[in-house]
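Only a predicted model underlies this, so the values are computations on that prediction, with no experimental measurement involved. One is the number of the first residue; the rest follow in order along the sequence. Computed over heavy atoms, backbone and side chain alike; hydrogens, waters and symmetry mates excluded.
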Amino acid sequence: MVNNNNNNSNVSCRVILGDDKKYTVYALTVEDGACMQKRFAEFEKLFDRTKHLVPEAIGAPPKKKFLMAETKLVEKRKLWVTTFCQFLLQKHARNDEVRVFFSLLQEDKDDDSDVDLGPSEKKGAVPSDFEFLKTIGKGSFGRVFQVKHKYDHKIYAMKVLSKEHIRKKNEVKHVMAERNVLKMNFKHPFLVNLYYSFQTKDKLYFVLDYVNGGELFSHLQRDKHFPEARSRFYAAVIASALGYLHDHGVIYRDLKPENLLLDRDGYLVITDFGLCKEGIRGKETTDTFCGTPEYLAPEIILKKSYDRTVDWWCLGSVLFEMLYGLPPFYSKDHNEMYDKIVNQPLKMKHQLSPASTDIIEKFLIKDRFRRLGAKNDFKEVKDHPFFMPIDWDKLHARQIRAPFVPDVKSDKETNMIAREFLDEKFNIGSVCPANHSNVRVRDADFVDFTYVDKSMMMNRD
């Protein structure tokens, strides 16, 4: 970690070309000897998240101009990186974004291994550190396993992704965005925590909280719909987590019951950050078409610019589904559903309390500028009368008894996991290859992927 008491950190920067000269890495060294290596895109992302702190004299990250020589661009970027980072370390070392970005400096300083050309991965976990117990999930890019750490004997969820599939589907940016958001290590009570990330030649690994109370989707399928009090509790948990993400410049963009897990105490935890957008502050916008069809906001369907209010639209859709059993504009025909989302008025199927009806209607206003949350984000949402029964301090402290507690007796139990996953066999040699388990891999697509939560390093010590 950067020494926050040192406000006179002198930064030097050198340029490292990859062996195949297809990528450039900027290696920073602070006067105390701490060092780190990052691609230029990482500094651009940091600038997006901190530009409100940066004086105009430093300027924006240099872009390549027509006919500009590559050597000149690299030199300009090197100078900008040096100036930009020195300013942040000297003036804003206590800022959360700065602390997270430069947290690698101390870790790299303690790593006495030789520096090689190309982006080197820090020492961390490897597949052979874990005992693979059961399959608990499956997706298009890989699987999720229940694993036990061989050193601390704790149970975790491990997401294993195929690099080949990620590259074929052009999903490298999304996977790295997920890693970046998880690595920010929010420690929010309703966001899943990352403990390790690492890679082998063929695969990427995320080691996360094992949350074993089942998907909200499964509980909703079984119960058809929830009572208002239970729906309010879940909506408050979700709103708190979304507000926290927004405060850190992240739009979630994929809120749906499948991405909401119940823990053993009955609280929801948001998982799967693959579609998150980083670096969006306040009224700033983005325009990527992404999300799950049933929960898309009108502005995304219309391919217009959008901001963090898309998350409040999604919360309105999920709250509607919890109370009624289906999303508000649902149709098996996606085109018909998109037309309903964009053009058709919201229809409430039966009478709810006035507060419930009002908050859903305000979340699902098609004009994002008038939508609940457009003015003051989470503060505006939590002040709505629907949430009047919620004591937010007790909720964040997890001191409110959940209206439903899953039948889970231990952290290892899998009775709430779908049987189709648990019965699936897996090849241990594929997920834990003996010839790669203890090799530090360098991969230009997944630079600086490795991460170890500091609490885990303390435990290993």
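- Checked for salt-bridge contact, R253 and D311 miss the test: no charged N lies under 4.0 Å from a carboxylate O.
- Relative ring orientation between F426 and F145 is described as perpendicular, the plane-to-plane angle rising above 60° on a 0-90° scale split at 30° and 60°.
- For the pair R179 and Y451, the NZ or CZ position fails the cation-pi test of under 6.0 Å to the six-membered ring centre and within 45 degrees of the ring normal.
- Judged purely by distance below 3.5 Å, without hydrogens or angles, the side chains of K412 and Q146 never pair a donor atom with an acceptor atom.
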Assess whether salt bridge (charged side-chain N to carboxylate O under 4.0 Å, His left out) is satisfied between K304 and D287, documenting all intermediate values. CA-CA 6 Å; K304 294 182 177 180; D287 55 14; over 6 Å; no

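- The aromatic ring centroids of H149 and F130 lie less than 6.0 Å from each other.
- Formation of a donor-acceptor pair under 3.5 Å by the N415 side chain with backbone atoms of D407 is found in this model.
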Does Y195 form a side-chain contact (heavy atoms from CB on, under 4.5 Å) with L208? I'd like the steps, not just the answer. CA-CA 6 Å; Y195 296 96; L208 309 155; 5.6 Å; no

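- Judged purely by distance below 3.5 Å, without hydrogens or angles, the side chains of H92 and T50 never pair a donor atom with an acceptor atom.
- To the nearest 0.5 Å, atoms CG (L372) and NE2 (H384) are separated by 6.0 Å.
- Within the 3.5 Å criterion, the main-chain N or O of D247 finds a donor-acceptor partner in the side chain of R281.
- Here the OG1-CD1 distance, from T285 to I251, works out to 8.5 Å after rounding to the nearest 0.5 Å.
- Side-chain contact check for I155 versus L133: some heavy-atom pair is nearer than 4.5 Å.
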Let me see the working for Y306 and W313 under ring pair (Phe, Tyr, Trp, His ring centres under 6.0 Å), right down to the final yes or no. CA-CA 11 Å; Y306 58 87; W313 172 280; over 10 Å; no

Given side-chain contact (heavy atoms from CB on, under 4.5 Å), test K183 with D448 step by step and report yes or no. CA-CA 11 Å; K183 183 185 164 185; D448 194 32; 3.5 Å; yes

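- The shortest heavy-atom contact between D307 and E284 is CB-O, 3.4 Å.
- Using a 4.0 Å cut-off between charged side-chain N and carboxylate O, R49 and E278 make a salt bridge.
- Between K159 and D272 the shortest side-chain heavy-atom distance falls below 4.5 Å.
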Going through the checks in order, is the salt bridge (charged side-chain N to carboxylate O under 4.0 Å, His left out) test met by K256 and E321? CA-CA 10 Å; K256 56 185 177 181; E321 186 173 1; over 6 Å; no

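- Between H225 and G325, the shortest heavy-atom distance links the atoms CB-N, 4.0 Å.
- No donor-acceptor pair closer than 3.5 Å links the side chain of N212 to the backbone N or O of T414.
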Quick one: do H219 and F404 satisfy ring pair (Phe, Tyr, Trp, His ring centres under 6.0 Å)? Show the steps, please. CA-CA 10 Å; H219 291 282; F404 169 79; 5.2 Å; yes

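- Counting heavy atoms from C-beta on, the side chains of K38 and L28 never come closer than 4.5 Å.
- Judged by distance alone, with hydrogens and angles left aside, the side-chain atoms of T288 form no donor-acceptor pair with the main-chain N or O of C290 at under 3.5 Å.
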Full working for side-chain contact (heavy atoms from CB on, under 4.5 Å) between D445 and K163: CA-CA 9 Å; D445 284 329; K163 289 183 177 180; over 6 Å; no

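- Summarising the local packing, CZ of R222 is surrounded by more than 12 heavy atoms from other residues, nucleotides or ligands at distances under 6.0 Å.
- Side chains of D254 and T292: a donor on one and an acceptor on the other come within 3.5 Å.
- At a threshold of 4.0 Å, the pair D423-K134 does not count as salt-bridged, since none of the basic side-chain nitrogens sits closer than that to a carboxylate oxygen.
- Judged purely by atom type and a 3.5 angstrom limit, E380 uses its side chain to pair as donor or acceptor with the backbone of N376.
- Using a 4.5 Å heavy-atom threshold, the side chains of V318 and P257 count as touching.
- Annotation for R370: atom CZ does not count as buried by contact number, only 12 or fewer foreign heavy atoms lying within 6.0 Å.
- Within a 6.0 Å sphere centred on NZ of K283, other residues, nucleotides and ligands contribute more than 12 heavy atoms.
- The aromatic rings of H188 and F190 sit perpendicular to each other, their planes meeting at more than 60°, with 30° as the lower class boundary.
- Residues T309 and R371 approach most closely at O-NH1, 3.2 Å, considering heavy atoms.
- Residues L319 and E228 have side chains not in contact (no heavy-atom distance under 4.5 Å, counting atoms from C-beta outward).
- Heavy atoms of other residues, nucleotides or ligands lying less than 6.0 angstrom from NZ of K303 number 12 at most.
- Residues V25 and R39 are in side-chain contact: their nearest non-hydrogen atoms beyond the backbone lie under 4.5 Å apart.
- Between Y252 and F273, the ring center distance clears the sub-6.0 Å criterion.
- Using a 4.5 Å heavy-atom cutoff, the side chains of L216 and M322 are in contact.
- Using a distance-only test at 3.5 Å, with no hydrogens or angles considered, no donor-acceptor pair links the side chain of D339 to the main chain of N335.
- For the pair E299 and S305, the tightest heavy-atom approach, listed with the atom from each and the gap, is CB-O, 4.2 Å.
- Between the D209 side chain and the V211 main chain, no donor and acceptor come within less than 3.5 Å of each other.
- The main-chain N or O of P227 is found under 3.5 Å from a side-chain atom of S231 such that the two form a donor-acceptor pair.
- Closest of all the heavy-atom pairs between A239 and V381 is CB-CG1, 4.2 Å.
- The shortest heavy-atom contact between L260 and L255 is CD2-CD1, 3.9 Å.
- Of the candidates K154, R264, K148, D411 forms a salt bridge (charged side-chain N to carboxylate O under 4.0 Å, His left out) with just one, namely R264.
- A distance of 6.0 Å or more separates the ring centres of Y210 and Y156.
- Between the side chain of H248 and the main chain of V250, no donor-acceptor pair closer than 3.5 Å is present.
- For the pair R230 and F226, the distance from NZ or CZ to the six-membered ring centre is under 6.0 Å and the angle to the ring normal is within 45 degrees.
- In this pair, F446 and F449 present their aromatic rings perpendicular. The plane angle is above 60°, beyond the 30 to 60° band.
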L352/I360 under side-chain contact (heavy atoms from CB on, under 4.5 Å): CA gap, chis, key distance, verdict: CA-CA 10 Å; L352 299 171; I360 290 174; 4.2 Å; yes

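- The shortest side-chain heavy-atom distance between L268 and L262 falls under the 4.5 Å cut-off.
- In this structure, T357 contributes its side chain and S353 its backbone to a donor-acceptor pair below 3.5 Å.
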When you look at E424 and K138, which way does the salt bridge (charged side-chain N to carboxylate O under 4.0 Å, His left out) test go after all the steps? CA-CA 10 Å; E424 191 154 329; K138 189 176 180 181; 2.9 Å; yes

CA sep, side-chain torsions, deciding dist, call: F233, Y267, ring pair (Phe, Tyr, Trp, His ring centres under 6.0 Å): CA-CA 9 Å; F233 176 80; Y267 278 76; 5.0 Å; yes

